[in-house]
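To start, the structure under review is shown below, and the notes come after it.
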Amino acid sequence: MNDLAFSTTHELRTIVLENRHLRIEVLAEAGARIWQITYKPLNVDLLWHNPNVQPACQPLHACYDDTWSGGWDELFPNDEAADFEGMALPDHGELWTLQWEAKPIGEQGTVGVHLRTRTPISNFLAEKTLLLRPDSTVIEIRYRLTNQGTRPMPFLFKLHPAFAVSSSHRIDFPRMAVLLEPEFPGTLDGPPIFPWPQAGTNGTAVDLRRVPDVSSKAVHFFYGKGFVSGWCGITDQAKRLAAALRFDPKVFSSCWLFASHGGWRDLNVAVLEPATGYPFRIKSMIEGGRARQLAPGESLETTVLFSVQEGLASIGGVEEDGRILPGDEP
């Protein structure tokens with residue numbers, strides 16, 4: 001079975017892409033959010049949903065933390081709200097609150113949807129295409145951002161998939177440097193920059209690959225940088241089920257992590273965030289030379305793969321076709 005259908009989720013029109021392995025739900029009215037990715041053979045929902053907040057259409061300048069329902073958003077052109085060059089940029093950017101046009105596409109058994117919207121403040125055309133091929137456990141996501149304004153625009157573009165986690169999960173990144181955010185270190189301490197995955201909490205060594213129990217009240221937030229291979233992922237070791245993203249490191253040159261294990265609003269979630277730059281303040285990003293920029297009429301195009309694979313206890317990389325490689329735990 002390879003199918004595209006429509007349903008309703010919390011009174012929102014839902015686009016459903018499905019084959020015999022995966023079911024993907026997209027909320028075009030609520031930021032084109034990927035609301036859920038279900039691995040059907042094990043009946044596992046991979047994305048996290050906030051138990052206290054239902055998805056809904058939000059105003060442009062809504063507070064993200066107070067209305068965050070979960071799933072997979074995209075952030076553009078900023079993270080923290082900012083007044084920038086005469087523009088009042090909303091909290092976590094413009095895309096997540098906008099309604100997107102949706103057009104079904106498909107050929108040779110592939111099902112997909114093309115989504116597009118225009119940002120009212122930064123004046124960009126944002127496009128996202130999701131493709132699911134027959135008998136595949138890989139989702140192809142194509143992005144294109146086009147500056148339709150009259151001046152160059154520096155920006156942050158960041159993926160924001162929120163994963164459901166437990167103490168049986170493990171998080172993997174490639175070899176990279178970890179940079180703590182001094183204004184929000186969470187429960188991590190020690191040197192401001194260190195190699196993945198060893199960190200410290202209250203003077204005790206912590207392996208950041210291990211998801212702590214929710215009783216730990218841990219909060220982890222950092223920027224990963226200096227990696228050569230563009231991938232990140234999470235594995236349910238109890239089910240031996242891995243989910244991973246593959247992305248172009250020339251586009252997404254950093255990868256952030258925000259994870260709360262009971263320590264922020266009593267929530268248990270891990271967000272793996274490939275990003276075009278850091279830190280979270282757009283002005284600091286520009287001053288540090290880490291913001292991307294598009295001239296009028298210029299576009300940024302990139303493709304991201306999301307893969308699901310059984311039989312793994314850890315992740316060591318993601319191949320060009322989306323195949324997940326085993327890590328140091330077989």
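In this chain, numbering begins with 1 at the start of the sequence shown.
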**OP:** Evaluate whether atom CG of Asp321 has more than 12 neighbouring non-hydrogen atoms of other residues, nucleotides or ligands under 6.0 angstrom away.
**Re:** yes
Original post:
Quick one: do the Thr201 and Thr204 side chains pair a donor with an acceptor below 3.5 Å?
Top reply: no
**OP:** Assess whether atom NZ of Lys217 is packed by more than 12 heavy atoms of other residues, nucleotides or ligands within 6.0 Å.
**Re:** yes
Subject >> Ring center gap for Trp100 and His114 short of 6.0 angstrom >> reply: no
**OP:** Compute the centroid of each ring, for Phe155 and then for Phe76, and state whether the two points are separated by less than 6.0 Å.
**Re:** yes
**OP:** From the options Thr97, Asp79, Asp91, Asp73, select the one residue that forms a side chain to side chain donor-acceptor pair (under 3.5 Å) with Tyr64.
**Re:** Asp73
Original post:
Counting distance only, does the side-chain N/O of Thr119 pair as donor-acceptor with the main-chain N or O of Phe124 below 3.5 Å?
Top reply: yes
Subject >> Minimum-distance pair of heavy atoms, taken over all atoms of Pro279 and Glu181 >> reply: CB-OE1, 3.7 Å
Subject >> 4.5 Å side-chain heavy-atom contact, Leu267 and Pro51 >> reply: yes
**OP:** Could you tell me which residues satisfy ring pair (Phe, Tyr, Trp, His ring centres under 6.0 Å) with Phe184, sequence neighbours excluded, listed by chain and number?
**Re:** Phe221
**OP:** Tell me, yes or no, whether the heavy-atom count around Arg175 atom CZ, taken from other residues, nucleotides or ligands under 6.0 Å, exceeds 12.
**Re:** no
Subject >> Smallest separation among heavy atoms of Pro120 and Leu60, with atom names >> reply: CG-CD2, 3.8 Å
Subject >> Check: Gln309 side chain, Ile324 main-chain N or O, donor-acceptor pair, under 3.5 Å >> reply: yes
Original post:
Should Glu183 and Arg281 count as an ion pair when the cut-off is N to O under 4.0 Å?
Top reply: yes
**OP:** May I ask you to decide if Pro90's main-chain N or O and Asn78's side chain share a donor-acceptor pair within less than 3.5 Å?
**Re:** yes
Original post:
Under a 4.0 Å N-O cut-off, is there an ion pair linking Glu298 with Arg151?
Top reply: no
**OP:** Check whether any side-chain heavy atom of Trp196 lies under 4.5 Å from a side-chain heavy atom of Pro174, and answer yes or no.
**Re:** no
Subject >> Nonpolar side-chain network containing Trp35, other nodes, edges under 4.5 Å >> reply: Leu12, Leu27
Subject >> Side-chain heavy-atom pair Ile24, Ile34 within 4.5 angstrom cut-off >> reply: yes
**OP:** Report yes if the side chains of Thr38 and Val44 come closer than 4.5 Å at any heavy-atom pair, otherwise no.
**Re:** no
Original post:
Does the pair Lys283/Asp83 count as a salt bridge with the N-to-O cut at 4.0 Å?
Top reply: no
Subject >> Flag side-chain contact, heavy atom, 4.5 Å: Leu188 against Leu208 >> reply: yes
Original post:
Members other than Leu325 in its cluster, when Ile, Leu, Val, Met, Phe, Trp, Tyr link by side-chain heavy atoms under 4.5 Å?
Top reply: none
Original post:
Can Arg20 and Asp3 be counted as an ion pair, charged N to O under 4.0 angstrom?
Top reply: no
Original post:
Stepwise, does the side-chain contact (heavy atoms from CB on, under 4.5 Å) test hold for Gln99 with Thr117?
Top reply: CA-CA 7 Å; Gln99 295 195 22; Thr117 193; over 6 Å; no
**OP:** Decide whether Arg118 and Gln148 meet the rule of one side-chain donor and one side-chain acceptor closer than 3.5 Å.
**Re:** yes
Original post:
Checking Asp213 side chain against Ser216 main chain: does a donor-acceptor pair fall under 3.5 Å?
Top reply: no
Original post:
If you take all heavy atoms of Arg240 and Ala313, which pair is closest and at what distance?
Top reply: NH1-CB, 3.7 Å
Original post:
What's the verdict on side-chain contact (heavy atoms from CB on, under 4.5 Å) for Arg323 and Leu305, showing C-alpha distance, side-chain angles and the deciding distance?
Top reply: CA-CA 10 Å; Arg323 183 171 65 91; Leu305 301 181; over 6 Å; no
Original post:
What about Phe252 and Phe157, are their ring centers closer than 6.0 Å?
Top reply: yes
**OP:** Please lay out, stage by stage, how Ile139 and Ile37 fare under the test side-chain contact (heavy atoms from CB on, under 4.5 Å).
**Re:** CA-CA 10 Å; Ile139 307 165; Ile37 301 172; 3.9 Å; yes
Original post:
Excluding sequence neighbours, so at least two apart, what forms ring pair (Phe, Tyr, Trp, His ring centres under 6.0 Å) with Trp72?
Top reply: Phe306
Subject >> Check against side chain to side chain donor-acceptor pair (under 3.5 Å), Ser122 and Glu94 >> reply: CA-CA 8 Å; Ser122 57; Glu94 298 173 81; 2.5 Å; yes
Subject >> Non-hydrogen atoms of Ala242 and Leu312 that approach each other most closely >> reply: CB-CD1, 3.9 Å
Original post:
Side chains of Glu301 and Tyr143: donor-acceptor distance under 3.5 Å anywhere?
Top reply: no
**OP:** Any chance you could measure Ser168, atom OG, to Asp236, atom CG, to the nearest 0.5 Å?
**Re:** 4.0 Å
Original post:
Ignoring hydrogens and geometry, is there a side-chain-to-backbone donor-acceptor pair from Ser307 to Gly322 under 3.5 Å?
Top reply: yes
Original post:
Should Glu18 and Arg23 count as an ion pair when the cut-off is N to O under 4.0 Å?
Top reply: yes
Original post:
Using 4.0 Å as the upper bound for N to carboxylate O, is an ion pair formed by Lys158 and Glu74?
Top reply: no
**OP:** Find out if a path of hydrophobic residues (ILVMFWY) with successive side-chain heavy-atom gaps under 4.5 Å connects Ile315 to Leu159.
**Re:** no
**OP:** Determine yes or no for a side-chain-to-main-chain donor-acceptor pair under 3.5 angstrom, with Asn50 supplying the side chain and Gln54 the backbone.
**Re:** no
Original post:
Would you say Phe280 and Leu75 make side-chain contact, with heavy atoms under 4.5 Å?
Top reply: no
Original post:
Between Phe258 and Trp264, is the ring centre distance below 6.0 Å?
Top reply: yes
**OP:** Look only at the side chain of Glu29 and the backbone of Arg13, and say whether a donor-acceptor pair between them is shorter than 3.5 Å.
**Re:** yes
Original post:
Hey, is Lys40 close enough to Asp45 for a salt bridge, meaning N to O under 4.0 Å?
Top reply: no
Original post:
Counting heavy atoms not belonging to Glu85, are there more than 12 under 6.0 Å from its CD?
Top reply: yes
Original post:
What's the shortest heavy-atom distance between Ala162 and Trp68, and which atoms?
Top reply: CB-CZ2, 3.8 Å
**OP:** Please lay out, stage by stage, how Glu273 and Leu257 fare under the test side-chain contact (heavy atoms from CB on, under 4.5 Å).
**Re:** CA-CA 6 Å; Glu273 309 178 52; Leu257 175 85; over 6 Å; no
Original post:
Salt bridge or not for Glu140 and Arg133, using N-O below 4.0 Å?
Top reply: yes
Original post:
Which pair of heavy atoms, one from Trp256 and one from Phe173, lies closest together, and at what distance?
Top reply: O-CZ, 4.5 Å
Original post:
Counting N and O atoms only, with roles assigned by atom type, does the side chain of Thr137 sit under 3.5 Å from a partner on the main chain of Val308, one being a donor and the other an acceptor?
Top reply: yes
**OP:** Answer whether the closest heavy-atom distance between the side chains of Ile121 and His61 falls below 4.5 Å.
**Re:** yes
Anything under 3.5 Å between a donor and an acceptor, one on a side chain of residues 289-297, the other on a protein residue two or more places apart or in another chain? List them.
{"from": "Arg290", "atom 1": "NE", "to": "Tyr278", "atom 2": "O", "distance (Å)": "3.0"}
{"from": "Arg292", "atom 1": "NH1", "to": "Lys250", "atom 2": "O", "distance (Å)": "3.1"}

Original post:
Just by distance, do the side chain of Thr14 and the backbone of Thr9 share a donor-acceptor pair under 3.5 Å?
Top reply: yes
**OP:** Would you confirm whether Gln36, through its side chain, and Gly71, through its main-chain N or O, come within 3.5 Å as a donor-acceptor pair?
**Re:** no
Subject >> Glu310 and Lys239, any side-chain heavy atoms less than 4.5 Å apart >> reply: no
Subject >> Partner set under ring pair (Phe, Tyr, Trp, His ring centres under 6.0 Å) for Phe84, not counting sequence neighbours >> reply: none
**OP:** Would you check if the distance from the ring center of Trp48 to the ring center of Phe163 is below 6.0 Å?
**Re:** no
